[in-house]
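Proteins come first, then strands; the chains are lettered A, B, ... in the order of their sequence lines, and each starts at number 1. Side-chain atoms are counted along with the backbone in the values below, which use heavy atoms only and exclude waters and symmetry mates.
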2 protein chains.
Amino acid sequence: MTDKIDISLQKAQDECSRTGLRMTDKRCNVLKILLQASGPLSAYEIADQFKSTFAESLSAMSAYRMLDFLMQANLVHKLETSNQYLACSHISCEHKHELPQFLICDKCHTVKEIGLSKQLLKELKDSIENTGFALSSQQLELHGVCKGCQLIHAD
Amino acid sequence: MTDKIDISLQKAQDECSRTGLRMTDKRCNVLKILLQASGPLSAYEIADQFKSTFAESLSAMSAYRMLDFLMQANLVHKLETSNQYLACSHISCEHKHELPQFLICDKCHTVKEIGLSKQLLKELKDSIENTGFALSSQQLELHGVCKGCQLIHAD
DNA sequence: TATAATATGTTATAACATAACATTTATCAA
DNA sequence: TTGATAAATGTTATGTTATAACATATTATA
Ligand SMILES: [Zn+2]
Ligand SMILES: [Zn+2]
Ligand SMILES: [Zn+2]
Ligand SMILES: [Zn+2]
């Protein structure tokens with residue numbers, strides 16, 4: 001049985017072939033680590049996990065370079081508010097996002113990549129661009145407390 | 001003539017007195033540097049400017065502590081996407097913000113603290129909280145290119 | 001195969017942030 | 001006023017995140 005991670009890796013490979021990007025083994029394994037991770041990881045954590053998972057060295061410097069590649073390929077996002085990296089949730093589906101949006105739980109540190117309504121995003125975009133400011137495709141990072149943690153830490 | 005910076009400093013003092021927060025000379029001078037700055041500054045830049053402006057030492061460690069205080073007092077904001085600090089634009093007015101919003105120009109690095117409409121913020125908040133996620137008062141940091149830079153760097 | 005371009009390895013260092021403990025200054029009860 | 005306490009600041013060390021610079025290896029392609 002091929003699981004979701006394998007499907008995502010295959011899709012990532014295919015997409016890179018199609019667009020002429022070079023998905024090397026190491027880059028693929030960095031992506032694999034992020035796909036398997038239960039939450040976002042720092043570049044140094046990724047390098048450490050790479051070493052223990054694949055019994056192969058990877059310097060933090062290399063991790064940063066591979067993350068840069070994966071971000072350019074839209075396979076990985078960086079959380080700018082926490083300096084961590086995560087695999088895009090939409091690799092295995094066809095869903096394309098112009099403006100990724102993340103809900104970050106400050107208790108358990110899980111991150112949910114959500115899709116706000118087109119309507120709402122349009123209003124937000126219009127409202128900002130009316131001031132003359134040209135938005136680059138930047139993401140929304142919203143912090144708070146997830147459902148699970150609200151139940152646990154009810155105080 | 002008392003300028004806007006002096007008014008802001010006075011207001012900050014008053015507000016601290018009222019709420020029992022201790023606004024020391026050093027803290028006040030850190031705020032002054034941010035009020036005078038043409039853009040957001042890193043903690044280390046603040047320490048450097050403090051030294052040259054007031055001919056008095058300030059370690060980066062102290063700068064961080066004073067920034068923490070000023071943020072708690074809602075006089076200073078931190079840009080989480082660039083690790084920089086700036087004075088709140090609304091010290092001298094009565095305007096209170098629950099969710100500060102920043103437009104950050106990636107060319108000239110100026111930052112504008114804006115106020116999106118209550119209506120739009122409510123829609124955004126509702127839309128997120130419908131997923132069960134409880135937003136903490138987090139800010140929006142939106143990157144792009146400001147009006148001025150669009151004219152200059154038209155390419 | 002020779003050449004160039006790209007990817008990765010390696011070392012050093014810059015930039016951002018916190019920990020831990022000492023000293024000074026402010027607050028307040030006796 | 002003074003002594004105890006708490007808060008602020010000084011100081012040093014260290015942890016964390018990120019980039020620079022140059023060497024070597026791998027891949028593409030002419
Ligand atoms: Zn995504
Ligand atoms: Zn949670
Ligand atoms: Zn503000
Ligand atoms: Zn600009």
### Query
What are the residues of residues 9-17 of chain B, sorted by number, that bring a heavy atom to within less than 4.0 Å of DNA chain C?
none

### Task
Give the rounded distance in Å between these two atoms: CG of Leu67(B) and C1' of dT18(C).
14 Å

### Message
Does anything in residues 24-39 of chain A come within less than 4.0 Å of DNA chain C? Heavy atoms only, and list the residues if so.
### Response
Thr24(A), Lys26(A), Arg27(A)

#### Entry: ring-ring contact (aromatic ring centres under 6.0 Å, His included) against Phe133(B), all qualifying residues, sequence neighbours excluded
none

### Summary
Across all chains, not counting sequence neighbours, the ring-ring contact (aromatic ring centres under 6.0 Å, His included) partners of Tyr64(A) are none

### Task
Only counting residues at least two apart or in another chain, list the ones meeting salt bridge (Lys or Arg N to Asp or Glu O under 4.0 Å) with Lys147(B).
none

### Query
What pairs meet the salt bridge (charged side-chain N to carboxylate O under 4.0 Å, His left out) rule with one or both residues in residues 115-124 of chain B, with sequence neighbours excluded?
Lys122(B)-Asp126(B)

### Query
What pairs with Gln13(A) under side-chain hydrogen bond (donor to acceptor under 3.5 Å, both in side chains), at least two apart in sequence or on another chain?
none

### Message
For nucleotides 17-30 of chain D, give me one character per nucleotide, 5' to 3': B if any protein heavy atom sits under 4.0 Å from the base, S if the only such contacts are to the sugar-phosphate, - if neither.
### Response
BBBBB-----SS--

#### Entry: Residue pairs passing the salt bridge (charged side-chain N to carboxylate O under 4.0 Å, His left out) test where at least one lies in residues 128-139 of chain A, sequence neighbours excluded
Lys125(A)-Glu129(A)

### Query
Who pairs with Glu80(B) by salt bridge (Lys or Arg N to Asp or Glu O under 4.0 Å), at least two apart in sequence or on another chain?
Lys78(B)

### Message
Can you list everything that forms a salt bridge (Lys or Arg N to Asp or Glu O under 4.0 Å) with Asp48(A)? Sequence neighbours excluded, please.
### Response
Lys51(A)

### Query
In chain order, what residues pass the salt bridge (Lys or Arg N to Asp or Glu O under 4.0 Å) check against Glu56(A), with sequence neighbours excluded?
Lys26(A)

